[in-house]
Amino acid sequence: MRPFNISIVGATGVVGAELTRLLEVSPIPVNRLWLLASRNSAGRQVKFRDEICFVEPLDDIGDLETDIAFLCAGSAVSLEWAPRFAAQGALVIDNSNAFRMDPDVPLVVPQVNPSALSDRPRPGIVANPNCTTIQLVRAVRPLVTALDVHQIILATYQAASGAGRMGIDELRNGTRAALDGSSGPPAARFPVPLPFNVIPQVGDIDSEGGTLEERKLAQETRKILAMPDLRLTSSCVRVPVENGHSEAVYIEFEKPVRLEQVHQLLAQEAGVRLYADGIRKGYPTPRFLANPEDVHVGRVRVNPENPRGLWLWVVADNLQVGAALNALLIAQLAIANRVIEK
Ligand SMILES: NC(=O)c1ccc[n+]([C@@H]2O[C@H](COP(=O)([O-])OP(=O)(O)OC[C@H]3O[C@@H](n4cnc5c(N)ncnc54)[C@H](OP(=O)(O)O)[C@@H]3O)[C@@H](O)[C@H]2O)c1
């Protein structure tokens, strides 16, 4: 395999930093690595393999001859820079919401719909789904493939890190201040202070009372699973957890469901860790999550009042499974499929 030139835009953010760390230990051979961010971060040093890399301002770069550009700096940056990198010949892997529902842009979770990346997409851009979507589709894939689904209803419990570095800082500083009895910083990344609180809103609320996060979860799941008519509704909630999203997922099937079959399907799914009698004890929680590359599923039970209904508790590291690792696995898939050369 030839070594690749790689750019990470948003390298100083929580997703970009996680991606840099995962790339360092990945099998992808790197010829040159450009770490890019805003002007505020210019000159920051990051150790990568045996070298020190300097963070450079994105606005100052010209043609970088990048093979793979990872964009982790929000939708506005992606809308401007994804087409520019693609025009320079790079395969762009975009972590933002900017292109996910574009019919020409594949929305890829390598464990779920790898065939979506069998060829180079026409715009040269591949989209990484939203964090809540990735863990959901990885957990339900074996079930919705084997059994007919009537509908999916879920509530999410999303960590502060989903709102970036500022989200984590706001939770930490606000928690310290609340424990000290002071008022602390005003809420900035969240609608109201998150420490010791639960906020039933992730993103702006629209005219129908839903949020963009809830719409993304439904639309992206339908696109990835190639189930355009899937009934899916959710309520997305922010909780004072630093990292790791949880989801209480209720799947109603067309016919009664057998718990043994569900256990078997989940236990066989690569990258899913099932917590069930005789397999693994207890249930997963976001703070104590070993194997952060996996999706953790527990509390699996049939609804005693409806034999067609099944509950799952799904937990994953949103920075790894929900963003950086998925992006890196897309790159590895693109390299294996020779999509980079085309
Ligand atoms: N956090 C998650 O769990 C998660 C999950 C899935 C997807 N995502 C997506 O991943 C992306 C990054 O999120 P994050 O959580 O890592 O955010 P973050 O911690 O706030 O980091 C944002 C990064 O973008 C850079 N940036 C901002 N404006 C820029 C500009 N005009 N030019 C160049 N760089 C700029 C920042 O650089 P400075 O440090 O120099 O300001 C920083 O490196 C977003 O699109 C987000 O929606 C996040």
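Every number for a ligand or one of its atoms is a count from 1 in the order of the listing.
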Using distance alone, decide if ligand 1 has a nitrogen or oxygen within less than 3.5 Å of any nitrogen or oxygen in [X].
X	answer
Gly13	yes
Asn130	no
Thr12	yes
Gly74	yes
Gly10	yes
Asn318	yes

As an exercise, identify every atom of ligand 1 less than 4.0 angstrom from a heavy atom of [X].
X	answer
Ser161	1 (N), 2 (C), 3 (O)
Leu319	1 (N), 2 (C), 3 (O)
Gly322	5 (C), 6 (C)
Arg165	18 (P), 19 (O), 20 (O)
Cys72	11 (C), 12 (C), 23 (C), 24 (O)
Ala323	5 (C), 6 (C)

Discussion item. Does Asp148 have more than 12 heavy atoms from other residues, nucleotides or ligands lying within 6.0 Å of its CG?
Written reply: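 Counting neighbours around CG of Asp148, 12 or fewer heavy atoms of other residues, nucleotides or ligands fall under 6.0 Å, so no.
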
Worksheet item: Do other residues, nucleotides or ligands put more than 12 heavy atoms under 6.0 Å from the CD atom of Glu51?
Response: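 12 or below, so no.
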
Measure the distance from [atom] to every protein heavy atom, then report the residue, atom name and distance (to 0.1 Å) of the closest one.
atom	value
atom 40 (O) of ligand 1	Ser41 OG, 2.4 Å
atom 26 (N) of ligand 1	Ala73 CB, 3.8 Å
atom 41 (O) of ligand 1	Ser38 OG, 3.3 Å
atom 31 (N) of ligand 1	Val77 CG2, 3.7 Å
atom 10 (O) of ligand 1	Asn95 CB, 3.7 Å
atom 4 (C) of ligand 1	Val15 CG2, 3.6 Å
atom 17 (O) of ligand 1	Gly164 CA, 3.8 Å

Worksheet item: Considering all heavy atoms of both residues, which atom of Arg222 and which atom of Leu230 are nearest to each other, and what is their separation?
Response: NE-O, 2.7 Å

Fill in: Least distance between heavy atoms, Leu217 atom then Cys236 atom
CD2-SG, 4.1 Å

Worksheet item: Can we say Arg49 and Glu24 salt-bridge, meaning some charged N sits less than 4.0 Å from an Asp/Glu carboxylate O?
Response: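 The answer is no: the pair does not qualify as a salt bridge.
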
Fill in: Lys/Arg N to Asp/Glu carboxylate O, Arg189 vs Glu170, below 4.0 Å
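Salt bridge between Arg189 and Glu170, a charged N being under 4.0 Å from a carboxylate O: no.
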
Discussion item. Is there a continuous path of hydrophobic side-chain contacts, each under 4.5 Å between heavy atoms, that joins Val302 to Val300?
Written reply: yes

Worksheet item: Are Val109 and Arg138 close enough that some pair of their side-chain heavy atoms sits under 4.5 Å apart?
Response: yes

Worksheet item: Going by heavy atoms in the side chains, are Asn173 and Arg176 under 4.5 Å from each other?
Response: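 They are in contact (side-chain heavy atoms under 4.5 Å apart), so the answer is yes.
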
Practice prompt. Can you spot which of Asn130, Val314, Asn326 makes a side chain to side chain contact (heavy atoms under 4.5 Å, CB included) with Gln135?
Written response: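 Checked Asn130, Val314, Asn326 against Gln135; only one passes side chain to side chain contact (heavy atoms under 4.5 Å, CB included): Val314.
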
Item to complete: Carefully, step by step, assess Arg215 and Asp206 under the rule salt bridge (charged side-chain N to carboxylate O under 4.0 Å, His left out).
Response: CA-CA 10 Å; Arg215 261 203 322 280; Asp206 62 27; 2.7 Å; yes

Discussion item. Could you check, using the six-membered ring where one of them is a Trp, whether Trp313 and Tyr283 have ring centers closer than 6.0 angstrom?
Written reply: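 Centroid distance Trp313-Tyr283: not below 6.0 Å, so no.
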
